[in-house]
Amino acid sequence: MARRQESARGSMPLSELLISKESKAMASFGVRDLDTMMRFAPRRYVVPAPLRSLHEVNEGEEVSAVVSVVSLRDRAMRSRRGFILEVIVSDGIEDMPLTFFLTKPHQVQWHRGRLPIGAHIVIHGTVGRNDYRGELQIAHPTYEPYEDTDEGRIQAQRPRPVYPLRQNIAQSTMRSATEKGLEFADSLSRPVPDETLLRRGLPLLPEASRLIHTPLTLEDTQRGMAHLRYEEAFVLQAIFAQRRAQDERTPAPVLAAEGPLQGLFDERLPFTLTDGQREIGEKITERIGNGHPTSALLQGDVGSGKTVVALRAMLRAVDSGHQAALLAPTEVLAEQHHRTLTSLLGELARAGQLDAHPDATRVRLLTGSQRTAGRRETLLDITSGQAGIVVGTHALLTENVEFASLGLVVIDEQHRFGVDHRRRLRTKGPAGQSPHVIVMTATPIPRTAALATVGDLDVLTLRESPGQRAGVTSFVVHEKLPKWEQRMWARAAEEIAAGRQVFVVCARIDEDEADAPAPPVLDENGKEQPPALDPARGVTQTAARLAARPELDGARLGILHGRLSGEEKQEIMGQMARGEIDLLVSTTVIEVGVDVPNASTMIVLDAERFGVSQLHQLRGRVGRGEHAGIAFFDTSARPGLEHSQHLEAIAGATDGFDLAELDLRRRGAGDLVGEEQSGLQRTLKHLDVMRDARAIEQAREDAFAVVAADPELTAHPALAGAIADRLRDADPDVERS
Ligand code: ADP
Ligand code: MG
């Protein structure tokens, strides 16, 4: 344990620098060394009220004033233990008492020591009224010595940092800790070269620390924070630069063959590729042919045709004498991908069967719920290389599945796969080589967000979607307005009557169990408020309620959730695909990729409990064929309140890119790529990938230049140390030598 908390930079431990109360306060935030403390930013700043004269202030006002100490007097309190210290101060015209209620005699002494008679001080506090004498007073003001110079006046008005607090920690403890730290600011580790900072017009670290912890103006705080943001971006980008440089030194299978499967497949396609698909196809071809591992992020909205692009790359791997794997986040999806690939490939996927094309390969599905015999056969095909394409879940990575020669891995739905997953693939190629990796995501992220979070990947974006999708219109429905709900179910019934199908998605399986977590409602101070939402509806109860609704009389209902066996799930999805179910009530097991072209309506109950990208994925399940889709986001949040407004915004944004921005602005980058993601993106401290786009671009340019000139960072030990710290923060389980 102790080792982990040490800084790789050998920064000064706070326990040697501060008194125990201060270092304990910092330690409660995991801050144990000087370098970390000076980068521990205040949550906000308070600017003192303008300086006033005591004779013009009124009860209830927050005031600052320059005064001198006239007299002090303390006495024990009568009603309870403790002391009252009364300090009479004057601004030359008017007197006013300052009152302190103190529990210990040493506290009285402490104030007396700091308030000698005649001393000039500046006070900040709220004017109140003395209970029994009825005169104006200020209870528990903050105060400090005042110097009657220009400098002194500026000091008196400077913004005060407000640090996050934990139980029993006083703001003054946090402030005195950081102020002491500033005395050692010159010894801080500086990962960004000074000349880089100067060129970018940013303050050097010691100055930035002063600007952050003892600013004179609010502009100071901005300049100080700009340094921290830039530094964070710079260290991240240096990590990406090193990874890329390492990729360039790593051998990978050369996937450069020109045929035959690729040509045969293109001829078989019932449509022509879009320009985007063709262009991205060429880029991928170029990268996977050059003998070093490719790491690419293929992003495009739901239905933009990523699968075909990926499949063409997989066929290139097979043509080149290697194998390709397609990984999906769930078994349902893996099964569906397997169906899609085999049907797209037709006779090209039937190697070993009578009706196969002479150049055919085998496409194998490997999932956990497969029966032993079939599984053994599949594993054999994978090991012998008979299976050119293997479709499966994450399990393909973790289990000891031996590929004859894995050349390319395509990962569907990146938000479930972290950096560590990708890196685990590194050893899975033939003869210690590293296979190429293409990650597909239907939650496209803006360019700088991608640079900040997955900057070691090449980002390839499919912008337009192939034509025949009818599209989806989304509506927010308020459960509290019964007419709307009625209209929604009536609409679902109309669609069913017209021969189409409906999905109803719930946030949980059963209402008898613990409620699914509702999203927190934060007030302006970031404190959590009671959510004012009804408990989430469950699949089981919803199905029963719908069965009793007159509008849906005669509709064939089905239910689907994660607690059904793999076989049951497959059976239900099969029935849905064949049109034997009219309305399917399910959890988000259907979130990604499920393809039922005849489905036209998506109803999400308690929609505020789903993330932006989840809602977008869900509505992407309908309107996939010729029929226009409708999505209803049903919520118990009252119209006009935060959750409702958020849902309205999602309903109004149709483009995945707009949504991604919306999501980022709302949540910041912390959750950018999903809850299950561990790794670098979870730990962004100061950066906001939208606000700091420019800093990110600049830091990338600078960091890549530094790493290109000095790949091992021999001349940049502070940067190397910061990288090591960062990687350990991101992934504490990774052993590092
Ligand atoms: P994504 O994986 O990006 O969500 P898919 O690859 O599943 O999208 O494609 C969505 C649908 O569009 C599929 O039915 C696919 O066969 C079809 N499709 C893909 N490319 C084209 C194209 N160029 N023209 C017409 N249809 C296409
Ligand atoms: Mg897809």
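Atoms within each ligand, like the ligands themselves, are counted from 1 in listed order.
No more than 12 heavy atoms of other residues, nucleotides or ligands lie within 6.0 Å of CD in Glu567, so this atom counts as exposed by the packing criterion.
The distance criterion of under 3.5 Å between nitrogen or oxygen atoms is met by Gly305 with respect to ligand 1.
Taking all heavy atoms of Gln277, Arg278, Lys306 into account, the minimum distance to atom 1 (P) of ligand 1 is reached by Lys306.
Listed by number with element, the atoms of ligand 1 under 4.0 angstrom from any heavy atom of Ser304 are 1 (P), 3 (O), 8 (O). Annotation for ligand 1: atoms under 4.0 Å from non-hydrogen atoms of Thr307 are 2 (O), 5 (P), 6 (O), 7 (O). Listed by number with element, the atoms of ligand 1 under 4.0 angstrom from any heavy atom of Thr274 are 23 (N).
Gly300 does not count as a contact of ligand 1, since none of its heavy atoms falls under 4.0 Å from the ligand.
To the nearest 0.5 Å, atom CD of residue Glu608 and atom CD1 of residue Ile650 are 10.5 Å apart.
At a heavy-atom distance under 4.0 Å, only backbone atoms of Leu273 (N, CA, C or O) approach ligand 1. Under 4.0 angstrom from ligand 1, the non-hydrogen atoms of Thr272 all belong to its backbone.
A side-chain N or O of Thr461 and one of Gln299 form a donor-acceptor pair less than 3.5 Å apart. In summary, the side chains of His561 and Thr587 do not present any donor paired with an acceptor at a separation below 3.5 Å, with no hydrogens or angles considered.
For Glu282, there are no salt bridge (Lys or Arg N to Asp or Glu O under 4.0 Å) partners, not counting sequence neighbours.
Taking both residues in full, the closest heavy atoms of Leu451 and Gln237 are given as O-NE2, 2.9 Å, listed atom of the first, atom of the second, then distance.
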